[in-house]
Amino acid sequence: MDAPKILTAIPQRRYRFGDYGAVVLGEIESGDSNKYRYILALVREGESTPSFYVTTEKNPRARAHEGSYRMRVVTDGLDEDMGSSDRWSELDVFCEEALAVAAKVLGLAGESPIPLL
């Protein structure tokens, strides 16, 4: 898995989502070449490291006409570009979209993310 190499980040939101704990990270410093705006990381209950990520990353200059940010899903056996949008720079929009993608890919359609304080 080509997981984000997170050096530092500040948690923005936390959720309980089915058998997963989910955290949305912002103000991310990474050890890879991507410029992350936000990362949704999901950790399966009983495990210690995330197994599923949804990221929004600054689009390269050559793709800027598609939107400022691209969304990507990263998990074992999957690294998929989900498209580009200027809207994914907004925390609320990113959270809604990223959780919807996670629900679809992980088969959590019957679950609702529960915000944690």
Side-chain angles (χ1 to χ4, degrees):
M1 171 175 26
D2 190 22
K5 293 168 182 56
I6 302 165
L7 301 176
T8 62
I10 296 177
Q12 305 290 311
R13 305 233 172 113
R14 294 181 190 275
Y15 300 91
R16 183 100 211 111
F17 198 16
D19 292 337
Y20 293 86
V23 62
V24 176
L25 302 172
E27 298 183 38
I28 301 153
E29 184 182 328
S30 74
D32 57 42
S33 62
N34 297 318
K35 292 179 174 56
Y36 300 103
R37 174 77 171 163
Y38 300 114
I39 296 174
L40 170 68
L42 285 91
V43 179
R44 187 182 288 275
E45 201 171 279
E47 296 181 5
S48 59
T49 58
S51 58
F52 187 89
Y53 298 91
V54 180
T55 69
T56 188
E57 308 162 14
K58 189 78 174 149
N59 245 340
R61 192 176 302 255
R63 291 185 56 188
H65 66 282
E66 298 172 28
S68 300
Y69 292 89
R70 68 180 177 141
M71 185 174 282
R72 196 164 58 104
V73 173
V74 180
T75 189
D76 282 334
L78 179 68
D79 185 337
E80 187 171 334
D81 189 326
M82 304 300 291
S84 300
S85 175
D86 291 331
R87 298 179 60 234
W88 294 329
S89 67
E90 298 173 39
L91 180 60
D92 289 338
V93 174
F94 171 75
C95 289
E96 183 179 326
E97 295 280 333
L99 288 165
V101 167
K104 184 176 180 182
V105 174
L106 297 172
L108 299 171
E111 302 284 345
S112 293
I114 300 166
L116 303 175
L117 299 177

Thr56 side, atom OG1; Trp88 side, atom CH2 - distance, nearest 0.5 Å | 6.5 Å

Distance-only donor-acceptor pairs under 3.5 Å for side chains of residues 74-83, two or more places apart:
from  : atom 1 : to    : atom 2 : distance (Å)
Thr75 : OG1    : Ser51 : O      : 2.7
Asp79 : OD1    : Arg72 : NH1    : 3.1
Asp79 : OD2    : Arg72 : NH1    : 2.9
Asp81 : OD1    : Gly83 : N      : 2.8
Asp81 : OD2    : Arg63 : NH1    : 2.9
Asp81 : OD2    : Arg63 : NH2    : 3.2

Under 4.5 Å between any side-chain heavy atoms of Val24 and Tyr15, yes or no?
-> yes

List the steps, then state whether side-chain contact (heavy atoms from CB on, under 4.5 Å) holds for Thr55 with Asn34.
-> CA-CA 10 Å; Thr55 69; Asn34 297 318; over 6 Å; no

Do the side chains of Glu57 and Tyr69 get nearer than 4.5 Å, heavy atoms only?
-> no

Which pair of non-hydrogen atoms, one from Ser84 and one from Arg70, has the smallest distance, and what is that distance?
-> OG-CB, 3.8 Å

Which atom of Ile28 lies closest to which atom of Ala9, heavy atoms considered = CG1-CB, 3.9 Å

Is there any salt bridge (charged side-chain N to carboxylate O under 4.0 Å, His left out) pair reaching into residues 87-108, and which pairs are they, with sequence neighbours excluded?
-> Arg13-Asp92

Closest heavy-atom pair, Met71 versus Ala98, reported as atoms and distance to 0.1 Å, is CE-N, 4.2 Å

Within one Ile-Leu-Val-Met-Phe-Trp-Tyr cluster: Val101 and Tyr53, side-chain cutoff 4.5 Å = no

ILVMFWY network linking Phe17 to Phe94, side-chain heavy atoms under 4.5 angstrom | yes

Answer with yes or no whether the hydrophobic clustering places Phe52 together with Ile39; edges join I, L, V, M, F, W, Y residues whose side-chain heavy atoms lie under 4.5 Å apart.
-> no

Heavy-atom pair of closest approach, residues Gly67 and Asn59 = O-ND2, 2.9 Å

Tell me whether Val23 is reachable from Val43 by hopping between hydrophobic residues (I, L, V, M, F, W, Y) whose side-chain heavy atoms are closer than 4.5 Å.
-> no

Is Arg16 salt-bridged to Glu45, going by a charged N under 4.0 Å from an acidic O?
-> yes

When rounded to the nearest 0.5 angstrom, what is the spacing between OG in Ser30 and NZ in Lys5?
-> 9.0 Å

Salt bridge (charged side-chain N to carboxylate O under 4.0 Å, His left out): pairs with one or both residues in residues 22-44, sequence neighbours excluded = none

Identified side-chain contact (heavy atoms from CB on, under 4.5 Å) partner of Tyr38 from the options Val93, Leu25, Leu91 = Leu91

